[in-house]
Structure formats: C-alpha cells, structure tokens
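Provided herewith is a single structure, encoded as structure tokens, for subsequent inquiry.
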2 protein chains.
Amino acid sequence: MAFREDLDTLVLAVLQSGPMHGYEISRRIRELSEKVLSAGEGKLYPCLHKLEQDGYVQAEWIPQENRPARKVYSLTDKGSGAIVEKRKAWEAFATGVTAILNPPKPEASHG
Amino acid sequence: MAFREDLDTLVLAVLQSGPMHGYEISRRIRELSEKVLSAGEGKLYPCLHKLEQDGYVQAEWIPQENRPARKVYSLTDKGSGAIVEKRKAWEAFATGVTAILNPPKPEASHG
DNA sequence: AATCATACATCAGGTTTTGAGGTATTTGGG
DNA sequence: CCCAAATACCTCAAAACCTGATGTATGATT
C-alpha cells in the first residue's frame, strides 16, 4: 500500500509547460517530483492514448533524423479546462489526508 | 484514475486519538475527511488484520450486551513509531504532486 | 415488515499496476 | 567489435488491488 497519484492530473499538469512527447513527460514527472513519483511506460502510454481519445490532449508525430519519431502532445482547451477540476480534486484529497494525519488529540485530563 | 490514499497510514493516524473498533475507524475516516476518503469494509478489515499480524496494532474483543462484540484496536509502539515514517512519505508525496501541479511556466518571450 | 445503523468478515468479479518484452538508433566504455 | 545505457515508441501477461455484494446478528425507526 502506498499513496497513489492520478496520472491524468500529472500528465495534464506537465503539459502546461508546453507541448512535449511521452518520454519527456515521464522524465519530468520523475524529476519535478524528485523521484517520488514515476510514470512507468506501461501505464503512461495507455494513459496518454486515453487522454487523446477523450480530447484532453492532441498529438502530432514529429519525425527525427536518425532517431525514433516523437509523438508530441499538447493540451486542448478541454484539457486546460479539466486541470481546474483536477486541481480541486487534489486539494480536497490533500485536505482530507491532512485532517486525518492531524487528528483531534485524545482528551488530556486537566484538573 | 484518481488519487488514492494509503489506508495503513490513515488507520494508524486515526488510532492516535485512542483505541477504537473497526467500524468506528471507518466512520472517522469518512467524517474527518468530510467524505473525500472512505475505507470500505472490503478493504478496511483485511488492512486491519494485516496491521495486527505485522504488529502495528493490537486487538482485543470487547463483548457488548445485545450487540455484536467489538474488536478494539490500539497502536503498539511499533505502530506509533511507524507513523513518523508514514507521515514523511505523505509529505514527500504531497510535495511531489504540488511541484508538478505548479510547474515552471513556459518561457515568456521578453524582448 | 422493511430499512437503517451497528459490527464483524469474506469473496467473486472487475479494474489497475508492475515488469518484462519488442522495435530501432546513437553514444560511450572496454 | 560487443555490451550497456539512453532515447522513443508500444503491448501484454501476471499480479495486485478495489468495489460491491453477501452473510451473520440485534435494536431502533418508520
């Protein structure tokens, strides 16, 4: 058991820095979080495909010379808009966890 | 996809308020988090059993009159100690997510 | 007679994640 | 030359996990 991130939220959030290909999204998640979070390829690519399919991001293949082509993703309007809700969901979650981690103390006897 | 809590952490944390039976732990998690988090019975009881087995909590059956007996859990020293680490893990996680939700802005052209 | 709340617990079925594998190229060490 | 690691995409089987239902038992409420 461990806390687990919502990869959709993370992917959409990193794309706020500008268009980016999958491998880089993965790298940024690892680096920005100082290795606390990681988006393994086994779930990153399926996540990206779903996000594209649902219209949160759009993708374009950019050929490279002497390197594999890149599929560059960028936020759509729908994707940008969704970040607002996702951020709220994160805040609610974090508030909830914090409330439990800082529970009301047991009654101290005082007299 | 959604953010997901580490139930171990939550259970140990609520037990800081004092010994408590499973059903109440579940209620508190729901209430303290204002319904953002919930520990369904299907995962709470297995979690509690594992925590007991691993020595993080100890349990005692308390019979009730005309009601089902309660299994009251309390933190062991090991359990109390573990909270420190779990809290750190939460903070690292939250810091990581926050870092990604507030990413460096794309270079604004400034010339 | 239902239904809800208390209070424990399990389990089938579904979803998700992990980790390995697959393709293809460049760079760097030995 | 060969091996490993980094870049860059992607898939899939096996394992892990969660949801929601079910089961037991009683009291209060409608």
Side-chain angles (χ1 to χ4, degrees), chain A residues 1-11 14-15 18-31 33 35-54 57-74 89 93 96-97, chain B residues 1-11 14-15 18-31 33 35-54 57-74 89 93 96-97:
Chain A
M1 280 182 209
F3 287 101
R4 195 177 304 160
E5 76 284 352
D6 177 6
L7 193 50
D8 287 8
T9 300
L10 266 27
V11 167
V14 302
L15 285 176
M20 214 176 293
H21 55 94
Y23 200 78
E24 198 186 348
I25 293 173
S26 164
R27 224 191 298 130
R28 291 230 187 169
I29 289 177
R30 212 183 318 113
E31 283 165 17
S33 72
K35 290 181 184 161
V36 174
L37 305 171
S38 71
E41 307 191 345
K43 67 176 169 174
L44 177 65
Y45 290 112
C47 170
L48 246 11
H49 300 158
K50 181 134 208 308
L51 249 17
E52 185 182 1
Q53 209 182 299
D54 295 348
V57 299
Q58 57 193 169
E60 195 190 352
W61 279 101
I62 310 283
Q64 307 275 298
E65 273 182 47
N66 300 331
R67 258 179 205 75
R70 290 165 164 177
K71 197 171 178 184
V72 171
Y73 293 90
S74 41
F93 179 83
V97 173
Chain B
M1 280 180 211
F3 287 101
R4 195 175 301 161
E5 76 283 353
D6 177 5
L7 194 50
D8 287 8
T9 300
L10 265 27
V11 167
V14 302
L15 284 175
M20 215 175 295
H21 55 92
Y23 199 77
E24 197 186 349
I25 293 171
S26 166
R27 221 192 300 131
R28 292 231 186 168
I29 288 177
R30 211 182 322 113
E31 284 164 17
S33 72
K35 290 178 185 163
V36 174
L37 304 171
S38 72
E41 307 190 343
K43 67 175 168 173
L44 176 65
Y45 290 113
C47 170
L48 246 11
H49 299 157
K50 181 134 208 307
L51 249 18
E52 186 182 0
Q53 211 183 298
D54 295 348
V57 299
Q58 58 193 170
E60 194 191 352
W61 279 101
I62 308 285
Q64 307 276 297
E65 274 182 47
N66 300 330
R67 259 179 204 76
R70 289 166 166 175
K71 196 170 178 185
V72 172
Y73 293 89
S74 40
F93 178 82
V97 173

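Chain letters run A, B, ... following the sequence lines, proteins first and then strands; every chain starts at 1. This structure is a prediction, so every number in the text was calculated from the model and none was measured.
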Are the side chains of A/V11 and A/Y73 in touch, meaning some heavy atoms are under 4.5 Å apart?
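No - every pair of side-chain heavy atoms lies 4.5 Å or more apart.
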Shortest non-hydrogen contact from A/E41 to A/Y23?
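So the minimum-distance heavy-atom pair works out to OE2-CE1, 3.6 Å.
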Mind calculating the distance between CG (A/L44) and P (D/dC12) to the nearest angstrom?
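Interatomic distance, CG of A/L44 to P of D/dC12: 17 Å.
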Protein-to-nucleotide contact annotation, 5' to 3' order, nucleotides 17-30 of chain D [B base; S sugar-phosphate only; - none; under 4.0 Å, heavy atom]
-SBB----BSS---
Are any of the side-chain heavy atoms of A/L15 and A/M20 separated by less than 4.5 Å?
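Contact flag for A/L15/A/M20 side chains = yes.
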Measuring to OP1 and OP2 of D/dT11, would you say a side-chain N or O of A/H49 lies under 4.0 angstrom away?
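Yes, such a contact exists.
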Please determine if B/E31 and B/R27 form a salt bridge, counting it only when a charged side-chain N lies under 4.0 Å from a carboxylate O.
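No, B/E31 and B/R27 are not salt-bridged.
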What is the distance, to the nearest angstrom, from the CD1 atom on A/I25 to the P atom on D/dA8?
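My rounded result for the distance is 12 Å.
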Taking atom P of D/dA8 as reference, at what distance in whole Å does atom CZ of A/R28 sit?
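Value for this atom pair: 12 Å.
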In whole Å, what is the span from the CD atom of A/Q64 to the C1' atom of D/dC9?
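The answer, rounded to whole Å, is 12 Å.
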Under 4.0 Å from a heavy atom of chain A: give me the 5'-most and 3'-most nucleotides of DNA chain C that qualify.
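Contact span on the strand: C/dT17 to C/dT26.
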Donor-acceptor pairs under 3.5 angstrom involving side-chain atoms of residues 46-54 of chain B: please list them, not counting sequence neighbours.
| from | atom 1 | to | atom 2 | distance (Å) |
| --- | --- | --- | --- | --- |
| B/H49 | ND1 | B/Y45 | O | 3.2 |
| B/K50 | NZ | B/D54 | OD2 | 2.9 |
| B/E52 | OE1 | B/K71 | NZ | 3.4 |

Heavy-atom check, side chain of A/L7 versus side chain of A/K43, under 4.5 Å
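Yes, side chains in contact.
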A/S33 side chain to A/I29 backbone, donor-acceptor under 3.5 Å
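At least one qualifying donor-acceptor pair exists.
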Would you say that more than 12 heavy atoms from the other residues, nucleotides or ligands in this model lie under 6.0 Å from the CD of A/E60, or not?
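Atom CD in A/E60 is not packed in, count stays at 12 or less.
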